[in-house]
Amino acid sequence: LTTISDTKIQIRAHLAVIGNKKYDDFSNILAKNIRDELKANGDVCTDSLIDKGESTLKRVAKYTNKIWDEMREMPMVKIIYSLPGAGKLTSCYLTSLIINIDRYDTPKKFVASFGLVPKVQESGDSSPKCGITRRGDSVARRLIYQMTTVHIRHEKEGKIAAKYDRLRKSGKSYRGAMVACCNSLLKILYIMLTENREFVSDPKSLEESRIDAESTLDSEEEVSLDH
């Protein structure tokens with residue numbers, strides 16, 4: 001994932017040098033439609049960087065499948081993977097970080113371990129302007145954001161989607177609403193893991209959400225909670 005991010009930075013830097021500002025507002029410069037457009041421009045350096053990015057994406061997919069084959073039968077992986085929005089990579093990655101849910105006494109401590117709680121200033125202020133603590137693994141936060149995004153999209157009648165709609169209608173910023181929803185989804189995951197039970201959802205919807213989750217790395221949708 002870090003290599004993919006590095007490649008994206010290189011592509012953006014090169015586009016800035018040659019004065020191409022068309023893609024400044026696109027969050028994922030390696031989305032397939034953008035790659036195709038950039039390669040059609042005929043710039044040799046851009047083509048080389050795009051080829052590098054595509055090679056990295058294929059390598060990530062290859063190793064994700066290898067890791068999945070090794071971990072797919074683990075109880076924790078199965079539980080996480082039952083949650084709409086959780087793809088193979090997310091399920092395996094979070095399992096490797098959590099290790100044992102008994103390490104976390106409360107849902108709050110579980111969420112805090114991923115840095116998804118409000119930052120508290122020395123004065124004790126924990127207003128939304130303080131941001132989040134960003135404690136823990138930044139890759140995990142990105143995967144949790146993507147999982148939450150897909151979950152909301154496919155569980156439209158669920159509690160998380162309802163919370164997102166309610167917060168947005170009340171004037172909450174997109175990022176603020178997403179942080180709150182990530183927080184809530186992690187609390188649901190905590191309960192699932194402590195009670196050793198899978199999420200119950202419509203099989204068709206679950207399968208669609210898994211396909212969506214797997215395609216997230218190759219989409220335009222890549223918003224970081226760390227910025």
For residues Ile144 and Leu186, determine if any side-chain heavy atom of one lies less than 4.5 Å from a side-chain heavy atom of the other. yes
If two hydrophobic side chains count as joined below 4.5 Å and joins carry through other members, does [X] share a cluster with [Y]?
{"X": "Met192", "Y": "Ile101", "value": "yes"}
{"X": "Leu189", "Y": "Leu206", "value": "no"}
{"X": "Met74", "Y": "Tyr93", "value": "no"}
{"X": "Ile188", "Y": "Leu94", "value": "yes"}

Decide if atom CD of Glu70 counts as having more than 12 heavy atoms of other residues, nucleotides or ligands within a radius under 6.0 Å. no
Report, as yes or no, whether the 6.0 Å neighbourhood of atom CD on Glu157 holds more than 12 heavy atoms from other residues, nucleotides or ligands. no
Does the pair Glu208/Arg153 count as a salt bridge with the N-to-O cut at 4.0 Å? no
Aromatic plane relationship, Tyr174 with Tyr145 - under 30° parallel, 30 to 60° tilted, over 60° perpendicular: perpendicular
Does the plane of the ring in Tyr190 sit parallel, tilted or perpendicular to the ring in Phe110? Use 30° and 60° as the thresholds. tilted
Regarding Thr46 and Asp43, is there a side-chain donor-to-acceptor distance under 3.5 Å anywhere? yes
Checking Ser184 against Lys163: is there a side-chain donor and acceptor pair closer than 3.5 Å? yes
Output field: ring centroids Trp68/Tyr81 closer than 6.0 Å: yes
